[in-house]
Amino acid sequence: MKHSLFRTLLVLFLLFFSIGINAEDDKTTDDIPISILTPKHTKGPRMPSHIFIECSYSVGHLSFVIPSGILFLNVSLSKNDNILWNGIVTRENPETSIPLLPSGEYVIICQTDGNQIFHGSLTY
């Protein structure tokens, strides 16, 4: 009797915490979208790069995780080949404000201080 009660309580305990963790993970993902910017290459086969730039974004705000060895990024946002915003973020200040953009998909391009180009997309 003790073992079945213990097992039941253990299962209920595990279910309770697994549901709580999943709900919190979903909330975090919905609140702060993240885009991974990858190096832009010319045509032809290449090895995948181990370097990428992580960009978190929300309405009116961009934040970057800048890899070591990169001092600053020249960032541009565009839609349909029209540049809508251009700015610079640094290792010391990796966050910036951007204009409020209507819903849609935008192209983000980052050029490093070493002239390496990374690209990705942001969806608002």
Side-chain angles (χ1 to χ4, degrees):
M1 183 71 165
K2 285 184 179 180
H3 291 297
S4 65
L5 178 61
F6 177 74
R7 287 181 190 159
T8 304
L9 289 174
L10 182 63
V11 168
L12 289 173
F13 180 77
L14 291 174
L15 284 173
F16 176 75
F17 279 105
S18 68
I19 291 170
I21 290 171
N22 288 337
E24 220 168 285
D25 287 347
D26 291 343
K27 192 182 291 182
T28 303
T29 303
D30 291 342
D31 290 345
I32 305 172
I34 296 176
S35 181
I36 303 297
L37 310 179
T38 56
K40 190 171 186 175
H41 296 294
T42 56
K43 293 181 181 179
R46 298 198 118 183
M47 291 289 291
S49 176
H50 296 290
I51 299 173
F52 61 90
I53 297 172
E54 185 177 311
C55 174
S56 304
Y57 61 101
S58 60
V59 175
H61 184 80
L62 293 176
S63 178
F64 296 88
V65 176
I66 300 175
S68 62
I70 297 174
L71 299 177
F72 67 86
L73 301 172
N74 185 0
V75 183
S76 67
L77 283 176
S78 61
K79 185 171 188 173
N80 301 329
D81 295 327
N82 295 323
I83 295 177
L84 304 173
W85 178 83
N86 194 22
I88 293 177
V89 294
T90 64
R91 176 173 291 291
E92 293 79 27
N93 190 16
E95 299 180 14
T96 187
S97 296
I98 60 171
L100 299 178
L101 302 170
S103 296
E105 189 168 322
Y106 296 86
V107 173
I108 182 169
I109 297 176
C110 297
Q111 185 174 359
T112 69
D113 53 344
N115 291 324
Q116 189 174 16
I117 297 175
F118 291 80
H119 66 102
S121 64
L122 308 180
T123 303
Y124 286 96

Going by the side chain to side chain donor-acceptor pair (under 3.5 Å) test, which pairs reach into residues 97-114, not counting sequence neighbours?
Q111-N115

Going by side-chain heavy atoms closer than 4.5 Å, which hydrophobic residues are tied to I88, directly or by a chain of links?
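Answer for I88: L71, F72.
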
Inter- and intrachain pairs under ring-ring contact (aromatic ring centres under 6.0 Å, His included), touching residues 80-102, at least two apart
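Found none.
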
Looking at every heavy atom in both I51 and P39, which two are closest together, and how far apart are they?
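Minimum heavy-atom separation between I51 and P39: O-CD, 3.6 Å.
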
Specify the closest pair of heavy atoms between S121 and S35, including all atoms of both residues, with the distance to one decimal.
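Heavy atoms only, the tightest pair is O-OG, 2.9 Å.
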
How long is the gap from CD1 on I53 to CZ on F118, to the nearest 0.5 Å?
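Rounded to the nearest 0.5 Å, the CD1-CZ separation comes out at 4.5 Å.
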
Out of curiosity, I108 CD1 to S76 OG, how far, rounded to the nearest 0.5 Å?
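Atom-to-atom, I108:CD1 and S76:OG are 7.5 Å apart.
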
Taken in chain and number order and not counting sequence neighbours, the residues that satisfy side chain to side chain contact (heavy atoms under 4.5 Å, CB included) with V107 are S78, I109

Within the supplied structure, the quantity of interest is the number of heavy atoms (other residues, nucleotides, ligands) at a distance under 6.0 Å from I36 CD1; does it exceed 12?
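Enclosed: over 12 neighbouring heavy atoms sit under 6.0 Å from CD1 of I36.
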
Can you tell if the side chain of T38 reaches within under 4.5 Å of the side chain of H119, non-hydrogen atoms only?
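Yes, their side chains come closer than 4.5 Å.
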
Sequence neighbours left out, cut at 3.5 Å: what donor-acceptor pairs do the side chains of residues 61-69 make with other protein atoms?
none

side-chain contact (heavy atoms from CB on, under 4.5 Å) partner of N86, chosen from V75, I98, N74
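Filter result, single survivor: N74.
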
Y57 and I83: same hydrophobic cluster, using ILVMFWY side-chain contacts below 4.5 Å?
no

